[in-house]
Asker: 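Below are the structure tokens for one structure; questions will follow.
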Amino acid sequence: MFVTFGQEHTHKVNGVIFDKDCICEIPANNYDSGIEKVKETFGDKYSFTYKNVDAILKFFPRGIIKLEL
């Protein structure tokens, strides 16, 4: 699962910044466990979730950053 963030959504998790310029990769076995991790980590301060980001990757200059909890 992948998550993107809005213009004003900036999060620091274990020293890593997640913001509008990156895509966060959430390690999860299924959507339900993935969205649970998203909400536990970022609350409601994220934009969209995706299964595949190939088509939008070019819009995120920092690329994909894997969430390490």
Asker: Applying salt bridge (Lys or Arg N to Asp or Glu O under 4.0 Å), which residue pairs with at least one partner in residues 46-58 are found, sequence neighbours left out?
Answerer: none
Asker: Quick check on the hydrophobic clustering: are Val53 and Ile35 connected, directly or via other members, by side-chain heavy-atom contacts under 4.5 Å?
Answerer: no
Asker: Show me, pair by pair, the donor-acceptor contacts under 3.5 angstrom made by side chains of residues 6-16, not counting sequence neighbours?
Answerer:
{"residue": "His9", "atom": "ND1", "partner": "Gly6", "partner atom": "N", "Å": "2.9"}
{"residue": "His11", "atom": "NE2", "partner": "Lys45", "partner atom": "O", "Å": "2.7"}
{"residue": "Asn14", "atom": "ND2", "partner": "Glu68", "partner atom": "O", "Å": "2.7"}

Asker: Taking only distance into account, with no hydrogens and no angle test, what donor-acceptor pairs under 3.5 Å do side-chain atoms of residues 24-31 form with protein atoms, sequence neighbours excluded?
Answerer:
{"residue": "Asn30", "atom": "OD1", "partner": "Asp32", "partner atom": "N", "Å": "3.1"}
{"residue": "Asn30", "atom": "OD1", "partner": "Ser33", "partner atom": "N", "Å": "2.8"}
{"residue": "Asn30", "atom": "OD1", "partner": "Ser33", "partner atom": "OG", "Å": "3.3"}

Asker: Do Phe2 and Ile64 have side-chain heavy atoms sitting under 4.5 Å apart?
Answerer: yes
Asker: Do Phe42 and Phe5 make a side-chain contact, defined as non-hydrogen atoms from C-beta onward lying under 4.5 Å apart?
Answerer: yes
Asker: Hey, are the side chains of Ile23 and Leu57 touching, using non-hydrogen atoms and a 4.5 Å cut-off?
Answerer: yes
Asker: Just wondering, do Leu67 and Val38 contact through their side chains at under 4.5 Å, heavy atoms?
Answerer: no
Asker: Pairs in or reaching into residues 49-69: which pass ring pair (Phe, Tyr, Trp, His ring centres under 6.0 Å), with residues at least two apart or in two chains?
Answerer: none
Asker: Using modelled atom types and a 3.5 Å cut-off, is there a donor and acceptor pairing between side-chain atoms of Arg62 and backbone atoms of Lys20?
Answerer: no
